[in-house]
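Per chain, numbering begins at 1; letters A, B, ... match sequence-line order.
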There are 2 protein chains.
Amino acid sequence: MPEQTTGPRPTLEAVAARVGVSRATASRVVNGGAGVRPPLVEKVRRAVDELGYVPNHAARTLVTRRNGAVAVIIAEPEFRIFSDPFFEQQVRGISRELTAHDAQLVLLWVEGPGDHDRIARYLGGGHVDGALAFSLHNDDALPAVIDRTRIPVVYGGRPAPGTSPAVPFVDCDNRGGAREAVRHLVDLGRRNIAHISGPDDQTSALDRLHGYRDVLVDADPTLLSRGDFTEESGARAMAELLDRRPDVDAVFVANDLMASGALLTLRERGVRVPEDVAVVGFDDMASVVRRTSPSLTTVHQDIEDMGRLMVKLLMRLLDGTGPVPPASVITPTSLVLRDSA
Amino acid sequence: MPEQTTGPRPTLEAVAARVGVSRATASRVVNGGAGVRPPLVEKVRRAVDELGYVPNHAARTLVTRRNGAVAVIIAEPEFRIFSDPFFEQQVRGISRELTAHDAQLVLLWVEGPGDHDRIARYLGGGHVDGALAFSLHNDDALPAVIDRTRIPVVYGGRPAPGTSPAVPFVDCDNRGGAREAVRHLVDLGRRNIAHISGPDDQTSALDRLHGYRDVLVDADPTLLSRGDFTEESGARAMAELLDRRPDVDAVFVANDLMASGALLTLRERGVRVPEDVAVVGFDDMASVVRRTSPSLTTVHQDIEDMGRLMVKLLMRLLDGTGPVPPASVITPTSLVLRDSA
DNA sequence: GTTCGTTCTGGGAGCGCTCTCAGAGGGTGG
DNA sequence: CCACCCTCTGAGAGCGCTCCCAGAACGAAC
């Protein structure tokens, strides 16, 4: 129980004085106690407890040039990115890993280009050791802004090809996962396998499309339809597909939400799943997968783990450990078989 | 365009040297320029731009004892509190207002009592000037932990009666809003007005129940049913109500999500809304209200504004402006008439 | 021309910490 | 018993900034 419950917070000086050692020794104990004799360590530790000493963060940062904080940059274009379950999981992973590294999460919410200046100033001002950002749209100017601050950064999701070459990122194996999904449909004996893709300004959507094409090299363009990752767009894309190609017998959908929409359309039209049309999604998003009927076969990715990996990568960057330019991480995906395919 | 694009960041000293003034004068300019002759101000400003000088946050904090950061404490009991649209709006309001005050948002994610120690240490360590927290469950030990750090804090939502007396909070007028909703149903000529309440360990649920009772002082207990703020629980509660009191002709539901569930049950049973049973919700949550059929009459509260108010209150606390003990804010609600009542 | 007042500027201390470097202390071997 | 080495500790500088206070500069009033 700290005895000094009021007044100014005790300093390291106070701790040292109480024990009768120098500030340097007290500092050593507070920072792990290496090179200090055990009995002294014990005495200092006790003094710390008794006084309720907590290191002054600003003073420490001033000399170490490290402040134990990482910015998470959340750009909100038109959507409610924050309440997206995908995001929630990723941020949870980030938060947990950051805690494990004794680092703090500073949330930087970017609402538009008007905020870029503020963000640049903040990142450049040394408030944080590094930053985590997410690649959302290929035409976003934000990556360039972040890059200019020369602060270490790790992206969630592969950035657009145009951006600076050595930006480390963490992404799941979108292309490989897509391949596996499509191959599964091929193995099922399906002949006319369609694809509902996501917006073409997002690398994840593009990569999944590429995966589809890897397997079905000369797929007919009429088997392709585009959505925008929303449920409604999936329903619409499925309807178009059905109109254009009534002989379609399978569809690989670029995410679960659109797959859910596609399933709705199929049911409406009296098409049986998986008997008439097999459906495979992507993401394995619990909230969606659970409530579709039939339950959705989909490509699983461990989103929380991707968040953790982002932090690990950043920490390695900050430590100076790890390769330069830093390597990115592609996490594996796995096909989860349920009833829809 | 800063000319020093590499190497160590320029210090105030460098700026001063470039202009040929003292560090003190340069500091004055950087902090507003009061008491410095205009031409000198101009020269220093230019030097700041040319060198790309950004004040060192740690050094500034060390002497001012203010660090321009506020913790937002998010406790996650069993639910996905993060992806709750309610939360998103509130945090958005907080973020915007914080930005307006040039303050940063540090996210503290509490996953359980095991984190309390860490949180207490962080808050007590002077990393942040103040904190914002949300009152979730009355039995939560977190408020006590926060209180013990003696850090200024403002709550979102009225804390449980048991907690320390002078905790400032921002909450909407749950009770008044409920009264208005129920009065509307009375004015519609409804006789058997039921209430589906929320969990009784949350003050918002309790307050709304009180509002209902304020108007219907001797309402029959059989007209009361309890849910847990989820859609499913609303559906279930409505079913119970219908079984118990087939003569029910109106229901005030403690939140929109449960109201949506209730509407589902009513439709299933072939009960017409609003002809047979009028329904009023609470929250005016865009994502819910939009998709119910019929569209939901509900009590509106400005959640984003509540977030902003939390920050304003905290800032006043930090400035030493404002009353002591600090006053809480109850924001007004308004009934939004749509088709369900 | 002297004195007083007002406005501006600079010197310097100090915020609380880390870290280098030198030296104290104590053990070991010859 | 002395020289030497290794381990542990303390003195002190310095991180970049703010702010107090003394003093410079200049004008106005006598």
**Item:** Interatomic distance where NE2 belongs to B:His57 and C1' belongs to D:dC15 [whole Å]
**Value:** 16 Å
**Whole-Å distance separating the NZ atom of A:Lys43 from the P atom of D:dC8** = 16 Å
**Item:** Closest heavy-atom pair and its distance - B:Pro168, B:Val153
**Value:** CG-O, 3.3 Å
**Request:** Round to the nearest Å and state the distance from B:Arg9 atom CZ to D:dG16 atom P.
**Result:** 9 Å
**Asked** Under 4.0 Å between a side-chain N/O of A:Arg65 and OP1 or OP2 of D:dG16, yes or no?
**Response** yes
**Item:** B:Lys312, NZ atom: more than 12 neighbouring heavy atoms under 6.0 Å
**Value:** yes
**Item:** Reference residue A:Arg308; test side-chain contact (heavy atoms from CB on, under 4.5 Å); the match among A:Met310, A:Glu304, A:Met306
**Value:** A:Glu304
**Complete:** Of C:dG14, C:dG16, C:dG11, the nucleotide closest to the side chain of B:Ser22 is C:dG11
**Message:** Of the options C:dT18, D:dT9, C:dC19, whose atoms approach the side-chain atoms of A:Leu40 most closely?
**Reply:** D:dT9
**Message:** Does C:dT18 have OP1 or OP2 under 4.0 Å away from a side-chain N or O of A:Arg60?
**Reply:** yes
**Message:** Between A:His127 (side chain only) and A:Tyr122 (backbone N and O only), is there a donor and an acceptor less than 3.5 Å apart?
**Reply:** yes
**Prompt:** Does a salt bridge link B:Arg66 with B:Asp319, judged by any charged N lying under 4.0 Å from a carboxylate O?
**Reply:** yes
**Spacing of B:Asn67 atom CG relative to C:dG16 atom P, expressed in whole Å** = 14 Å
**Request:** Find the distance B:Leu12:CG to C:dG10:P and express it as a whole number of Å.
**Result:** 12 Å
**Request:** Please determine, for the side chain of B:Ala24, which listed nucleotide (C:dT9, D:dC19, D:dC15) has the closest atom?
**Result:** D:dC19
**Item:** Pairwise 5' ranking along DNA chain C for B:Gly35 and A:Asn56, keeping only the more 5' one
**Value:** B:Gly35
**Asked** For DNA chain D, whose closest nucleotide is more 5', that of B:Leu62 or that of A:Arg37?
**Response** A:Arg37
**Item:** A:Arg28 vs B:Val36, nearer the 5' end of DNA chain C by closest nucleotide
**Value:** B:Val36
**Prompt:** So, is B:Thr11 near the phosphate of D:dG16, with a side-chain N or O under 4.0 Å from OP1 or OP2?
**Reply:** no
**Separation between CG of B:Leu108 and CG of A:Leu105, rounded to the nearest 0.5 Å** = 9.0 Å
**Request:** Taking B:Ser95 for its side chain and B:Val91 for its backbone only, find out whether a donor-acceptor pair lies under 3.5 Å.
**Result:** no
**Prompt:** Does B:Ser27 have a side-chain nitrogen or oxygen under 4.0 Å from the phosphate oxygens OP1 or OP2 of D:dT18?
**Reply:** yes
**Side-chain N,O (A:Thr25) to OP1/OP2 (D:dG10) below 4.0 Å** = yes
**Message:** Counting distance alone, no hydrogens or angles: does the base of D:dT18 have a donor or acceptor under 3.5 Å from a partner atom on the side chain of B:Arg23?
**Reply:** yes
**Request:** Work out how much the helix from C:dG1-D:dC30 to C:dG30-D:dC1 bends between its end axes, five pairs an end, to the nearest 10 degrees.
**Result:** 50°
